[in-house]
Amino acid sequence: MARHLITSALPYINGIKHLGNMVGSMLPADVYSRYLRQRGHDVLYICATDEHGTPAELAAKEQGLAVDAFCAQAHDAQKAVYDGFALAFDYFGRSSSAENRDITQHFARKLNENGFIEERAIRQVYSPADGRFLPDRYVEGTCPHCGYDRARGDQCENCTRVLDPTDLINPRSAISGSTDLEVRETKHLFLLQSKLQHEVEAWVSRHEDDWPQLASSIARKWLTEGLHDRAITRDLDWGVPVPADTWPELAAEGKVFYVWFDAPIEYIGATKEWADQDPQNRDWKSWWYDVDTEVRYTEFMAKDNVPFHTVMFPATELGVREPWKKVDYVKAFNWLTYYGGKFSTSQKRGVFTDQALEILPADYWRYFLIANAPESDDSSFTWEHFTATVNKDLADTLGNFVNRVLSFSRKRFGDDVPEGGTPGEAESRLGEEIATLLAEYESHMETLQFRKAAAALRALWSAGNSYLEEKAPWLEIKTDKDAAALTLRTAMNLIHLYAVVSEPFIPATAKVMREAFSLEDDTAAWVTADEAKALASVPAGTPFTVPPVLFAKLTDEDLEAYKERFGGTEG
């Protein structure tokens, strides 16, 4: 089986993330990782908190903490939420690690040796009120392209255009709010992306036809506009320091690398963190170094992160002139909106992941978010849509099927799977239908079409309900007890099948469904087409229990309470 390296965009350290962050990177990466593991592939899923740069310093200052102490606490808080969402990372690291520091400095030295880094004097924003140069994210103002009045000095959150602080209209300090800003000369390191333009273009050309249109179009847009040399150092107290053995003057001035230079390198750094926990059995380079055809590398991210991962980081890897693994497939997502407006960490608009888990278990959110993933365009979260999806798909289609099959069978036949008669035409049709739907589900998962995969999974659940309505065991029991027993045994086998194939989407519920049956050796990782047609993995005589209600239906009162707490109006 293939080896799959999977990464999701690193969540910033400055606070708990909202549902838009979850569905734009980490959750689909987890669903895909789980699926691949079930199919027998060797998978390494890596993520980490992005701890450098302005967001960390500003958030720490707001809380009155040292930056390293703030980052340690925030990392643990984020990890607890991701554990609550059952994200099965192989490792969740920290970009402030020693491993990332060493590898980032190695990349910088190699880029310098190869002529792709240049020291330049530039004019940078200085705030007399704050007594310091302001890194780009410390400068806020109006975007010159779209007019958004809270654009940052590195990128406009509204139109995603990359900016320099001096581009902003009416700039102000993000620290003090002072508009008394000056432009002074200082020195920084520049990555000479212009010298790598043709190499990056050739590399993108080899891959873009395989990527989703969203990813390839963003990469192509950047390349068409031309790659510009960009500063990769900043004046900050917190970050990967410029190595003194190569740039002594800048190191003495306390320069650190720009967060978007070291953050993608943390994918490698976190893998080394993982390996360093068990060096006798883990080899981080076997995933990253000179493994181009041995490892398939898939990245998950929202569209605002795409330029850095399809152009800037590949340029860095190419310029190092070493055989580091480059991404094979970029799964890019549009934005999940909240009633048409943006989820926003800074403005605290929308549902945040810790709040979501306070309201309902993770599987409710996992299923809804993936079933409505913003793949082809932005999608809108509304409480009305969420409630309707939970009630129709999870409570009625899946949960009700499981409960009524097991409850009715226990009432009529006891606590063991009933024997019943020989499968007939209805069971044969059902088996063929399940095998066909399962193949569709597998196809969509293989091609990372998550909304289509969710629809196929929903169709699998619906097929069980249709079969139950057709056979009507509550009527069969009155005239043909064996026929009713056959129907229930077949339906129980469907429940077990659902438990196996639903695990990437709703792992906790899948575990409950599987454990309802006391099978002596239940090691099924997946379901083959022949097994789907036979529906015989749970034989007669197998003890079973009736689990608690899998999914509670949400009421009108619930809906109103959610809207009251979080708001439910157009953005």
**Study point:** Under 3.5 Å: donor-acceptor pair, side chain of K326, backbone of W324
**Key:** yes
Practice item. Enter the distance from L457:CG to L437:CG here, rounded to the nearest 0.5 Å. Key: 10.0 Å
Exercise for review: List the steps and the verdict of side chain to side chain contact (heavy atoms under 4.5 Å, CB included) for Y45 and Y32.
Suggested key: CA-CA 10 Å; Y45 176 23; Y32 186 56; over 6 Å; no
Point to revise | Polar side chain donor-acceptor pair, D30 to S33, under 3.5 angstrom | key: no
Practice item. Evaluate the ring planes of F89 and F92, with Trp represented by its six-membered ring, and classify them as parallel (under 30°), tilted (30 to 60°) or perpendicular (over 60°). Key: parallel
Check your understanding: Do the rings of H4 and H41 sit parallel, tilted or perpendicular, given the 30° and 60° boundaries?
Key -> perpendicular
Practice item. With K303 as the cation and W335 as the aromatic partner, state whether NZ or CZ is under 6.0 Å from the six-membered ring centre and within 45° of the axis. Key: yes
Point to revise | Option from W461, F386, F551, F85 for which ring pair (Phe, Tyr, Trp, His ring centres under 6.0 Å) with Y367 holds | key: W461
Exercise for review: State whether the number of non-hydrogen atoms from other residues, nucleotides or ligands found under 6.0 Å of Q213 atom CD is greater than 12.
Suggested key: no
Exercise for review: Tell me, please, which residues at least two apart from A491 pass side chain to side chain contact (heavy atoms under 4.5 Å, CB included).
Suggested key: F401, V405, L468
Review point. Are Y297 and E299 close enough that a side-chain donor and a side-chain acceptor fall under 3.5 Å?
Key: yes
Practice item. Given side chain to side chain contact (heavy atoms under 4.5 Å, CB included), test V23 with F333 step by step and report yes or no. Key: CA-CA 8 Å; V23 73; F333 290 86; 5.7 Å; no
Check your understanding: What pair of heavy atoms forms the shortest contact from V500 to A525, and how long is it?
Key -> CG1-O, 3.6 Å
Review point. Among all residues two or more places apart in sequence or in another chain, which pass the ring pair (Phe, Tyr, Trp, His ring centres under 6.0 Å) test with Y35?
Key: W526
Practice item. State whether a side-chain donor-acceptor pair under 3.5 Å links E384 with Y562. Key: no
Point to revise | Minimum heavy-atom distance between L554 and N391, given as atom pair plus value | key: N-OD1, 2.7 Å
Exercise for review: Take N493 and T490 through the side chain to side chain donor-acceptor pair (under 3.5 Å) test and state the conclusion after the steps.
Suggested key: CA-CA 5 Å; N493 273 278; T490 303; over 6 Å; no
Exercise for review: First locate atom OG1 of T542, then atom CG of D415, and finally report the distance between them rounded to the nearest 0.5 Å.
Suggested key: 12.5 Å
Review point. Which value, rounded to the nearest 0.5 Å, describes the distance between M513 atom CE and L497 atom CG?
Key: 9.5 Å
**Study point:** Criterion salt bridge (charged side-chain N to carboxylate O under 4.0 Å, His left out) on D42 and R37, from CA distance to verdict
**Key:** CA-CA 7 Å; D42 187 7; R37 291 188 190 106; over 6 Å; no
Exercise for review: Enter the distance from K325:NZ to T271:OG1 here, rounded to the nearest 0.5 Å.
Suggested key: 13.0 Å
Review point. Do N403 and N400 get their side chains close enough for a donor-acceptor pair, meaning under 3.5 Å?
Key: no
Review point. Any chance the side chains of T49 and E51 put a donor and an acceptor closer than 3.5 Å?
Key: yes
Practice item. If the plane angle is over 60° it's perpendicular, under 30° parallel, otherwise tilted; pick one for Y267 and H309. Key: tilted
Review point. Does some side-chain heavy atom of P473 sit less than 4.5 Å from a side-chain heavy atom of F408?
Key: yes
**Study point:** Side chain to side chain, T298 and L5, heavy atoms closer than 4.5 Å
**Key:** no
Review point. If you take all heavy atoms of P507 and A86, which pair is closest and at what distance?
Key: CG-CB, 4.0 Å
Check your understanding: Are F413 and K481 side-chain neighbours, meaning at least one heavy-atom pair lies under 4.5 Å?
Key -> yes
Review point. Are a donor atom and an acceptor atom from the side chains of T509 and D363 found within less than 3.5 Å of each other?
Key: yes
Check your understanding: Do we see a donor-acceptor contact under 3.5 Å between the side chains of H18 and N21?
Key -> yes
Review point. Is any side-chain heavy atom of K563 less than 4.5 Å from a side-chain heavy atom of Y339?
Key: yes
Exercise for review: For the residue pair I268 and W284, establish whether any side-chain heavy-atom pair is separated by less than 4.5 Å.
Suggested key: yes
Exercise for review: Could you label the plane-to-plane angle of the F381 and F368 rings as parallel, tilted or perpendicular, counting under 30° as parallel and over 60° as perpendicular?
Suggested key: perpendicular
**Study point:** Considering all heavy atoms, the nearest P539-L519 contact
**Key:** CD-CD2, 3.9 Å
Point to revise | Working for side chain to side chain contact (heavy atoms under 4.5 Å, CB included), residues F300 and V330 | key: CA-CA 6 Å; F300 290 78; V330 178; over 6 Å; no
Review point. Where is the tightest heavy-atom contact between E266 and E273, given as atom of each residue plus distance?
Key: OE2-OE2, 2.8 Å
Study note, to complete from the structure: Rounded to the nearest 0.5 Å, the OG1 atom of T353 sits from the CG atom of L369 at a distance of 10.5 Å
**Study point:** Check: D83 and K79 side chains under 4.5 Å, non-hydrogen atoms
**Key:** yes
Point to revise | Donor-acceptor side-chain pairing of Q155 and T160 below 3.5 angstrom | key: no
Point to revise | NZ/NE/NH1/NH2 to OD/OE distance under 4.0 Å, R412 and E476 | key: no
Check your understanding: Are side-chain heavy atoms of T545 and F517 found at a separation under 4.5 Å?
Key -> no
Exercise for review: For E425, look at atom CD and say whether over 12 heavy atoms of other residues, nucleotides or ligands are found less than 6.0 Å away.
Suggested key: no
Review point. Are K452 and F450 in a cation-pi setup, meaning NZ or CZ lies under 6.0 angstrom from the ring centre and within 45 degrees of the ring axis?
Key: no
Exercise for review: Return yes if a side-chain donor-acceptor contact under 3.5 Å exists between Y91 and R282, otherwise no.
Suggested key: no
Check your understanding: When you look at K331 and E375, which way does the salt bridge (charged side-chain N to carboxylate O under 4.0 Å, His left out) test go after all the steps?
Key -> CA-CA 9 Å; K331 178 61 177 178; E375 292 178 293; 2.9 Å; yes
Exercise for review: Step by step, work out the salt bridge (charged side-chain N to carboxylate O under 4.0 Å, His left out) result for D328 and R296.
Suggested key: CA-CA 6 Å; D328 294 299; R296 178 170 174 80; 5.1 Å; no
Exercise for review: Could you give me the CA-CA distance, side-chain angles and deciding distance for K533 and E433, then say whether salt bridge (charged side-chain N to carboxylate O under 4.0 Å, His left out) is met?
Suggested key: CA-CA 8 Å; K533 293 176 183 178; E433 181 183 11; over 6 Å; no
Point to revise | Side-chain heavy-atom pair L535, H496 within 4.5 angstrom cut-off | key: no
Check your understanding: What's the spacing between Q355 CD and E358 CD if we round to 0.5 Å?
Key -> 6.5 Å
Practice item. Go through the steps for W288 and V295 under the test side chain to side chain contact (heavy atoms under 4.5 Å, CB included), then give the verdict. Key: CA-CA 8 Å; W288 280 104; V295 174; over 6 Å; no
Point to revise | Parallel, tilted or perpendicular: ring planes of W222 versus F308, cut at 30 and 60 degrees | key: perpendicular
Revision key, fill the gap. Residues Y441 and A453: closest non-hydrogen pair is CD1-O, 3.3 Å
Study note, to complete from the structure: Sorted by chain and residue number, the ring pair (Phe, Tyr, Trp, His ring centres under 6.0 Å) partners of F544 (sequence neighbours excluded) come out as none
